[in-house]
Amino acid sequence: MRTLIPVTVLVLALTGCTPRKIPGTDLDDTSDTRAVIDVLQKYRLAVESRNPDALLKLTDESFRDDGGSSAPEDDLDYASLPGKLAARMSKVSELKLDVTVRRIEFDTDEKVARVTYSYQLSFKMPEYSGRTQSENDIKQMLLKRVGEQEWKITSGI
């Protein structure tokens, strides 16, 4: 009994030191993690509703994205985002996006977060085909903290 009490206290102390995880994930349950996940949820909803204004509200004025290529035609910045997204989204219908956050790395000194996520996208482009198209991939999105708890997208749409 004498050895059981110190062992029990030690086990309780060690389990109390491990960070709590968001249920169903390997992500630490912190206010920053939840705020970043909330931005990705709002991003998903804005994409599904094909709402460029909602996407613009999620981005920071420093937003820049090269579209994953060296071609300047697909580059986006904060000023061009509403027009280019509206044009792209007008060609798509029946859009469904699933996003799974895999990892969030925080740099507290720089007040930035790098989110690695996988996505599954299905959509129709009636102008080109009546068939449902799909794509899936792993991407990264960069966010920066604005104020105390707000996060804005700076790259990775």
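This one's a predicted model, so the numbers in the text were calculated from it and none came from an experiment. When a residue number appears, it is its place in the shown sequence, counting from 1.
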Donor-acceptor pairs under 3.5 Å, side chain of residues 80-95 to any protein atom, not counting sequence neighbours: which ones?
residue	atom	partner	partner atom	Å
Ser80	OG	Asp77	N	3.1
Ser80	OG	Asp77	O	3.4
Ser80	OG	Asp77	OD1	3.0
Lys84	NZ	Asp75	O	2.7
Arg88	NH2	Asp74	O	3.4
Ser90	OG	Ala87	O	2.8

Q.
If you apply the rule side-chain contact (heavy atoms from CB on, under 4.5 Å), what do you find for Lys96 with Leu121, and how did you get there?
A. CA-CA 6 Å; Lys96 174 75 173 128; Leu121 180 67; over 6 Å; no
Q: Check step by step if side-chain contact (heavy atoms from CB on, under 4.5 Å) holds for Ser155 and Arg64.
A: CA-CA 6 Å; Ser155 181; Arg64 299 243 183 290; 6.0 Å; no
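Tested against Val47 for a side chain to side chain contact (heavy atoms under 4.5 Å, CB included), the candidates Leu97, Ile157, Val99 yield a single pass: Leu97.
Crowding of Asp26 atom CG: a count of heavy atoms from other residues, nucleotides or ligands under 6.0 Å not exceeding 12. Residue Arg114 qualifies as open at atom CZ: its count of foreign heavy atoms under 6.0 Å is 12 or below. Other residues, nucleotides and ligands contribute more than 12 heavy atoms inside 6.0 Å of the CD atom of Glu105. Within 6.0 Å of NZ in Lys111 there are 12 or fewer heavy atoms belonging to other residues, nucleotides or ligands. Heavy atoms of other residues, nucleotides or ligands lying less than 6.0 angstrom from NZ of Lys57 number 12 at most.
Nearest heavy atom pair, residue Gly156 against residue Asp65, reads N-OD2, 2.7 Å. Heavy atoms only, all atoms of each residue included: Ile153 and Phe63 are closest at O-CD1, 3.7 Å. The nearest pair of heavy atoms linking Thr154 to Ser62 is CG2-OG, 3.6 Å.
Scanning for side chain to side chain donor-acceptor pair (under 3.5 Å) contacts around Gln133 gives an empty result, with sequence neighbours left out. Applying the ring-ring contact (aromatic ring centres under 6.0 Å, His included) criterion to Phe106, with sequence neighbours excluded, gives Trp151. For Thr25, the side chain to side chain donor-acceptor pair (under 3.5 Å) criterion is met by no residue, not counting sequence neighbours.
Residues in residues 115-127 take part in these side chain to side chain donor-acceptor pair (under 3.5 Å) pairs, two or more places apart or across chains: Arg102-Ser118, Thr116-Gln140, Tyr119-Glu135, Gln120-Asn136. Sorted by first and then second residue, the pairs that involve residues 143-157 and meet salt bridge (charged side-chain N to carboxylate O under 4.0 Å, His left out), not counting sequence neighbours, are Asp32-Arg145, Asp60-Lys144, Glu150-Lys152.
In this structure, Thr33 contributes its side chain and Asp28 its backbone to a donor-acceptor pair below 3.5 Å.
Following chains of ILVMFWY side-chain contacts shorter than 4.5 Å, one can reach Phe123 starting from Tyr128, so the two form part of one hydrophobic cluster. In this structure, Val39 is a member of the same hydrophobic cluster as Tyr78, with clusters built from ILVMFWY side-chain heavy atoms closer than 4.5 Å. Under the 4.5 Å side-chain contact rule for hydrophobic residues, Val115 and Ile22 share a cluster.
Distance check, rounded to the nearest 0.5 Å: CG of Leu55 to CG of Asp53 gives 9.0 Å.
Using a 4.0 Å cut-off between charged side-chain N and carboxylate O, Asp38 and Lys42 make a salt bridge. For Asp29 and Arg34, the salt-bridge test passes: some basic side-chain N is under 4.0 Å from an acidic carboxylate O.
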